[in-house]
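Single-structure report; data block below.
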Amino acid sequence: MSLRGNDLLSLREMSAEDMELVLSTARSLKEILSRPIKKVPTLRGKVVCTLFYEPSTRTKTSFELAARYMSADAVSFSSATSAVRKGESLADTARNLSMMGIDLAIMRHSVSGSCHFLSKVLDIPVVNAGDGMNEHPTQGLLDIFTMLDYKSKIRGLKVAIVGDILHSRVARSNIFGLTKMGAEVSIAGPLTLLPPDIERLGVKAFARPEEAMEGADVVYVLRLQLERQARSLFPSKREYRDFFGIDRHKLSYAKDDAIIMHPGPMNRGVEITTDVADSPRSVILDQVTSGVAVRMAILYLILGGRD
Ligand code: CP
């Protein structure tokens, strides 16, 4: 079992053992984040490049900080200010960057499958930081890490994922990761935002969030991804909020000690009310810290770590 030198493209393809290796490594490395000087020499001399063709606050920054905390150099490529604007293809862009001596590429792109494509073009490892509607594997891992922080185990955990499942790479990675580790996953959303055959992934699908959240240990609220909808798939934001927005009343269907999660960025007042997002049961900001630890573990295991 080793991630060394390998890509990390999807949780569908990742074994439970490799996921557990990332999680246990992140558990050890998280302590570095509370030190006054957040720096270990482990990845000195390594260079990672973030290629983001879509906006990001959490994923891009946390990968770059994770690299720096491990003493790797992090360079950042932004499609908005690059030769992509002059028509350069993804393959040419990536080949040129790799000739500058980078050791690992971390990419976010709007096209599903683009990270798998990149991994065929490049000889260096590729990490998927979100590809279209396909997967966001490092988000899935940091979410599982956060659930373990609060609930100690994943096997048997009841997780309700609510919202825009159809467009959500976060939902797909969580479904693959959580079911592989033994969680019971329920999903709910408007029928137009539930992929057909979703139950084949091992989840139970409901039309009402209250049904999915009945007895849940974790309520995972998804962002409504209006930018991925060519035409509106529900009547209005107000109606969405009334039927699917998570408020105190809907939350009462979950267990009293259920935690609330959201990958960010939040549409407050649409998929989640502010009082729920900011309540003591919300672990949304803890997810962000988990993201740094999990991404440190991924860089360590791929670039320099022992099995
Ligand atoms: N959760 C997440 O992917 O956030 P960003 O879009 O800010 O990276």
Side-chain angles (χ1 to χ4, degrees), residues 11 19-20 22-24 26-34 56-59 61-62 65-66 130 136-165 168-171 173-175 177-178 181-188 209 212-224 244-298:
L11 293 194
M19 285 193 279
E20 272 157 18
V22 171
L23 296 167
S24 60
R27 185 77 46 216
S28 312
L29 294 175
K30 192 178 175 192
E31 172 268 324
I32 294 166
L33 301 179
S34 55
S56 167
T57 295
R58 284 146 286 266
T59 311
T61 310
S62 61
L65 284 174
H136 192 349
T138 64
Q139 178 75 42
L141 288 165
L142 77 88
D143 291 333
I144 294 171
F145 184 88
T146 309
M147 291 178 208
L148 283 169
D149 266 349
Y150 284 89
K151 299 292 171 189
S152 306
K153 66 179 175 62
I154 298 298
R155 185 156 299 281
L157 200 69
K158 290 184 190 301
V159 181
I161 304 177
V162 179
D164 181 356
I165 310 284
S168 179
R169 54 197 178 203
V170 172
S173 285
N174 267 287
I175 288 169
L178 285 166
M181 292 184 72
E184 293 174 28
V185 182
S186 300
I187 60 164
M213 287 161 58
E214 187 79 55
D217 299 291
V218 178
V219 175
Y220 197 112
V221 187
L222 295 172
R223 184 170 72 85
L224 188 56
F244 296 98
I246 300 306
D247 55 18
R248 280 192 192 279
H249 172 70
K250 291 195 192 75
L251 200 55
S252 68
Y253 285 81
K255 282 187 183 152
D256 289 343
D257 64 349
I259 56 170
I260 299 138
M261 302 179 71
H262 190 299
M266 287 184 276
N267 297 304
R268 288 172 183 261
V270 182
E271 72 257 5
I272 190 166
T273 57
T274 283
D275 61 340
V276 170
D278 298 339
S279 74
R281 288 159 65 181
S282 166
V283 300
I284 293 168
L285 290 176
D286 299 86
Q287 287 171 260
V288 180
T289 309
S290 301
V292 183
V294 163
R295 288 170 178 135
M296 285 167 76
I298 288 165

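All heavy atoms count here, side chains included; hydrogens, waters and symmetry mates do not.
When all heavy atoms of Leu142 and Gly291 are compared, the closest pair comes out as CD2-CA, 3.7 Å.
Take Arg27 and apply the salt bridge (Lys or Arg N to Asp or Glu O under 4.0 Å) test, not counting sequence neighbours, and it matches Asp149. Every residue meeting the side-chain hydrogen bond (donor to acceptor under 3.5 Å, both in side chains) condition with Gln287, not counting sequence neighbours, appears here in chain and number order: Asp143. The salt bridge (Lys or Arg N to Asp or Glu O under 4.0 Å) test applied to Arg268 returns Asp278, not counting sequence neighbours. Listed by chain and residue number, Asp275 satisfy the side-chain hydrogen bond (donor to acceptor under 3.5 Å, both in side chains) test with Thr273 (two or more places apart in sequence, or in another chain). Every residue two or more places apart in sequence or in another chain that forms a side-chain hydrogen bond (donor to acceptor under 3.5 Å, both in side chains) with Lys158 is listed here: Glu184. By the side chain to side chain contact (heavy atoms under 4.5 Å, CB included) test, Leu23 pairs with Ile144, Phe145, Leu148, Met181, sequence neighbours left out. For Thr138, the side-chain hydrogen bond (donor to acceptor under 3.5 Å, both in side chains) test picks out Arg295, with sequence neighbours left out. Every residue was checked against the ring pair (Phe, Tyr, Trp, His ring centres under 6.0 Å) condition with Tyr220, not counting sequence neighbours, and none meets it. Residues passing the side chain to side chain contact (heavy atoms under 4.5 Å, CB included) test with Ser56, sequence neighbours excluded: Phe52, Thr59, Lys60, Arg108. Shown here are the salt bridge (Lys or Arg N to Asp or Glu O under 4.0 Å) partners of Asp247, two or more places apart in sequence or in another chain: Lys250.
Side-chain contact check for Ile284 versus Ile272: some heavy-atom pair is nearer than 4.5 Å.
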Please report, to 0.1 Å, the donor-acceptor pairs under 3.5 Å made by any side chain of residues 253-260, with sequence neighbours excluded.
{"from": "Lys255", "atom 1": "NZ", "to": "Asp217", "atom 2": "OD1", "distance (Å)": "2.8"}

